4 protein chains.
Amino acid sequence: MLPVIEQAESAAGRTSAGASDGTSTPVRPGRRRSEESRLAILTAATELLGEVGYARLTVEGIAARAGTGKQTVYRWWPGKADVLLEAVTAHARQHIALPDTGDHAADLRTFLAATFAAATPPTTDALRALMAEAQIDPAFGDRFRETLLHPRREALGTLVDRARTAGLLAPQLTTATAVDLAFGALWYRLLGTRDPLDDDLAELLTRTLLLPSATSSGSADGA
Amino acid sequence: MLPVIEQAESAAGRTSAGASDGTSTPVRPGRRRSEESRLAILTAATELLGEVGYARLTVEGIAARAGTGKQTVYRWWPGKADVLLEAVTAHARQHIALPDTGDHAADLRTFLAATFAAATPPTTDALRALMAEAQIDPAFGDRFRETLLHPRREALGTLVDRARTAGLLAPQLTTATAVDLAFGALWYRLLGTRDPLDDDLAELLTRTLLLPSATSSGSADGA
Amino acid sequence: MLPVIEQAESAAGRTSAGASDGTSTPVRPGRRRSEESRLAILTAATELLGEVGYARLTVEGIAARAGTGKQTVYRWWPGKADVLLEAVTAHARQHIALPDTGDHAADLRTFLAATFAAATPPTTDALRALMAEAQIDPAFGDRFRETLLHPRREALGTLVDRARTAGLLAPQLTTATAVDLAFGALWYRLLGTRDPLDDDLAELLTRTLLLPSATSSGSADGA
Amino acid sequence: MLPVIEQAESAAGRTSAGASDGTSTPVRPGRRRSEESRLAILTAATELLGEVGYARLTVEGIAARAGTGKQTVYRWWPGKADVLLEAVTAHARQHIALPDTGDHAADLRTFLAATFAAATPPTTDALRALMAEAQIDPAFGDRFRETLLHPRREALGTLVDRARTAGLLAPQLTTATAVDLAFGALWYRLLGTRDPLDDDLAELLTRTLLLPSATSSGSADGA
DNA sequence: GCCTAACCGAGACGGTACGTCACGTCTTTGG
DNA sequence: CCAAAGACGTGACGTACCGTCTCGGTTAGGC
């Protein structure tokens, strides 16, 4: 249950830090980036999203709420969507672990339940906005898939693959299609029906993706 | 395979109509709505969406391309998203029938395949844009769900329910969750992975939602 | 004190009525112009001007208040300014007579006082609006000068000329410049200072334009 | 002939200024107002007024001609009329001095002639438009009177008052009414007859407002 | 202990599109 | 043929944000 997925620190890059060899430590002169401003901007964006919605969320508003200049936002992020993306990925990195107990069905159920549990009101608004922006701005769409969707797919794919190797996956499914079904249900409820994402859905998905034998006695049904 | 789902003719309504009985012939005075302009706007919106993308699609641009005034767009639609919504629903109404051959598994597979076939490049752009806008503008979201998502859910729900009544549905699923899984896969591929929606996916979904016995001999595998 | 100045009946012309001889009664076919609509429009325009001001006075508003269609306004007048112009000229024609008592100084004073008296709140708003529109729309400016300013100049010019012939006019003035001074004061107060136009101003103008001898003993002071 | 009337520098004010004492040097942060844009807008407005007339003069057109954004116009002026007002007042401030030679009649004549000389084609169009707008938009009317009409009245009033104190003013006139007559003639010719404003009119007004003795020998008729 | 570089707040800049308003015209139905 | 009703193409409005470009004023090395 340990290895948390590591992701890029920030969309902006331009990191000073060098690699292991001592050759490159450019350590530029000048004032350092204000961590205070960075956090204030992430917080302001998240709060404002909840208050006014994504459509009326503006970079000007974020900067004003954060008490910074507009340029400070644009210096580090391409736009409002990337600010939210950083806020969300930071949150996801903290809360969703990749379990490995040996019980592949239970691991899958646990991971899905944790994923769904992380998709609660402060975050769901951001997720819906990000997926929307990804459709509208292709360049952001690439960053969004790269930073958020792919890592999540890989995490779930790892678990599904373990089950498949153990012969527990339903025969008509590949790892990729199983992941499609699971995240499909997640996103469809987020975007389309807005029904809640609860533990029942995690259980239902686990039983649908795996063979009956993998789940019937192994965990839920018992005896 | 007959009953095509009927939906609202237009966002505007206000038809003069009058049934066979002589009671209602309101026939207002004044110039009639220009059908020519209406079609020109729908066409222009669809074309421009393909050419410049949703972000750079503007009401001004639609009106200019259609050779109409901006006000004529705003008179009949709340914004660019609703124009696209009308264009898409008209398309969906024409192309997706609700089959009823008695073979519930085959009907389901046919319906899904037809649904996926309708989601091809001219239309996919619009669908992705509409789902995006639905996240961003809550009021449009309601209209979108009402006019597009719900009717599609009901259509698929009807087929799934027939299978469920015949005892073919996988036991852990309800009609609603089965529909969630099918449309979840559809939308997730549209929005997230952008993988193609092909007949294989229709087959895979049918086999995953229904019991093995319903599909193994009934249609694909055959005796 | 009799001869009221005759002016054009309407800016639109196209009158059917024939002269006294029976030869010309062209009596065109079709529905006749509605006198009811015409008066309703003139009344509505005057009322609305007082209520919302000239800037927010619109042809649509006039038609709506008058209970007519917009086209009925445009059929008979070029725009809102001409509607007001007709309303004002009708009013002026009724109330300002051209006196001729033999006492030229008194006639002048009487005429100016009557002119000023006619320029009271319901009418001043219209006059100011018309003069404004005349500056902005050159074509209307021509009609405005033709229909309103010139006839008024001619009326006053007649009186001044009588005084000049009698040797009462101040020697440095011509008829034209005397009229300029009188109407200049009138319009400047209307447009610029918005001070009241009272009998004192009529008296002051009379004494300034005429020789002292013409007014000191001749009429007011009296011997 | 020295003291030119000082008026507000700009509609915007908000000068950093600071008197000689070190207490007040507010020097706000942020980018400074672009003097280049300000002049380009004033020039563009004046040029376009001459080319297309006030009715077809638009803020959009001014901004386009000036090479600025529309918002930059609206940031500093309420509308097109105020742009013209600033252009005109700057012009008036430069060209009309207040003479004081001791010969009150000559001073009056000189001032009027200078005023009339400043009212030539580039400027007359603007003056007529401004007076028109002042009738149509009451709020602008207040600004117009405040910044243009009142200062001009005060300047002329000062000269007239000197003449009155010296006993040269025609007895029936007050300072205010004398000013009314002079500016009345000016504006009436501008707006109504559009006759030229020449030196003859300056002479005529001087002789009409002052006693014959003040002008007969003093300047024109002369020895 | 400067110098130089980079970041910070603030806010004006040139733009684009918004959604609204009114214009003056055109097209209906009906007197 | 006129009148009401009302949709049409048009064009400007004033606003909101966009993303960029100055400003004066901090912070930090490096020399």
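Keep in mind it's a predicted model, so treat the numbers as computed, not measured. We name chains A, B, ... by the order of the sequence lines, and we start the count at 1 in each one. Just so you know, these numbers use all the heavy atoms, side chains as well, and skip hydrogens, waters and symmetry mates.
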Whole angstroms only, please: what is the [atom1]-[atom2] distance between [X] and [N]?
| X | N | atom1 | atom2 | value |
| --- | --- | --- | --- | --- |
| A:E35 | E:dC7 | CD | C1' | 14 Å |
| D:L39 | E:dC13 | CG | C1' | 16 Å |
| D:D82 | F:dC13 | CG | P | 14 Å |
| D:F140 | F:dC13 | CZ | P | 15 Å |
| A:E36 | E:dC8 | CD | P | 11 Å |
| B:R33 | E:dT29 | CZ | P | 18 Å |
| C:W77 | E:dG24 | CH2 | C1' | 16 Å |
| A:I62 | E:dA10 | CD1 | C1' | 17 Å |

Between C:G61 and B:K80, which has a closest nucleotide on DNA chain E that is more 5'? B:K80
A:Q135 (side chain) donor-acceptor with A:M131 (main chain) under 3.5 angstrom: yes
Check residues 39-47 of chain A and write down every donor-acceptor pair under 3.5 Å in which the side-chain atom is one partner and the other belongs to a residue at least two apart or another chain.
unit_1 : atom_1 : unit_2 : atom_2 : d
A:T43  : OG1    : A:L39  : O      : 2.8
A:T46  : OG1    : A:L42  : O      : 2.9
A:E47  : OE1    : A:R65  : NH1    : 2.7

Contact under 4.0 Å: [X] side-chain N or O vs [N] OP1/OP2:
| X | N | result |
| --- | --- | --- |
| C:R75 | F:dA3 | yes |
| A:W76 | E:dC8 | yes |
| D:T68 | E:dG15 | no |

Using side-chain hydrogen bond (donor to acceptor under 3.5 Å, both in side chains) as the criterion, list what pairs up with B:E36, not counting sequence neighbours.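 Partners of B:E36 under the side-chain hydrogen bond (donor to acceptor under 3.5 Å, both in side chains) test: none.
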Could you list the residues that satisfy side-chain hydrogen bond (donor to acceptor under 3.5 Å, both in side chains) with B:S34, not counting sequence neighbours?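 Listed in chain order: B:S37.
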Can you check side chain to side chain contact (heavy atoms under 4.5 Å, CB included) on B:F140 and B:D82, steps first, answer last? CA-CA 8 Å; B:F140 174 75; B:D82 293 79; 3.4 Å; yes
Rounded to 10 degrees, the angle between the two terminal axes of the helix from E:dG1-F:dC31 to E:dG31-F:dC1, each from five pairs: 20°
Among E:dG14, E:dG9, F:dG9, which nucleotide has an atom closest to any side-chain atom of A:T72?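 Out of E:dG14, E:dG9, F:dG9, the nucleotide with an atom closest to A:T72's side chain is E:dG9.
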Of the candidate nucleotides F:dA3, F:dA7, E:dC13, which contains the atom at the shortest distance from the side chain of D:R31?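 Selected nucleotide: E:dC13.
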Starting at OG1 of A:T147, measure out to CG of A:L85 and round the result to the nearest 0.5 Å.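 The CG atom of A:L85 is 4.5 Å from OG1 of A:T147, to the nearest 0.5 Å.
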Roughly how far, to the nearest 0.5 Å, is the CG atom of A:L49 from the OH atom of A:Y54? 8.5 Å
Shorter than 3.5 Å, N or O on both sides, protein versus nucleotides 15-17 of chain F: list them out with atom names.
unit_1 : atom_1 : unit_2 : atom_2 : d
F:dA16 : N7     : D:Q71  : NE2    : 3.2

Is it true that A:R56 and A:E51 have a side-chain N and a carboxylate O under 4.0 angstrom from each other?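 Looking at A:R56 and A:E51, the cut-off is not met.
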Scan for side-chain hydrogen bond (donor to acceptor under 3.5 Å, both in side chains) pairs involving residues 66-75 of chain D, sequence neighbours excluded, and state none if there are none.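 For residues 66-75 of chain D: D:E60-D:K70.
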Closest-nucleotide mapping onto DNA chain F: is B:S37 or D:G30 further toward the 5' terminus? I mean the 5' end.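 Here B:S37 is the residue nearer the 5' end.
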Sort and list the pairs that fulfil salt bridge (Lys or Arg N to Asp or Glu O under 4.0 Å) and have at least one residue in residues 128-141 of chain D, not counting sequence neighbours.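 Non-adjacent pairs meeting salt bridge (Lys or Arg N to Asp or Glu O under 4.0 Å): zero.
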Select base, sugar-phosphate, or nothing to describe what A:G79 touches, counting heavy atoms under 4.0 Å on all strands.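 The residue A:G79 makes no contact with any strand.
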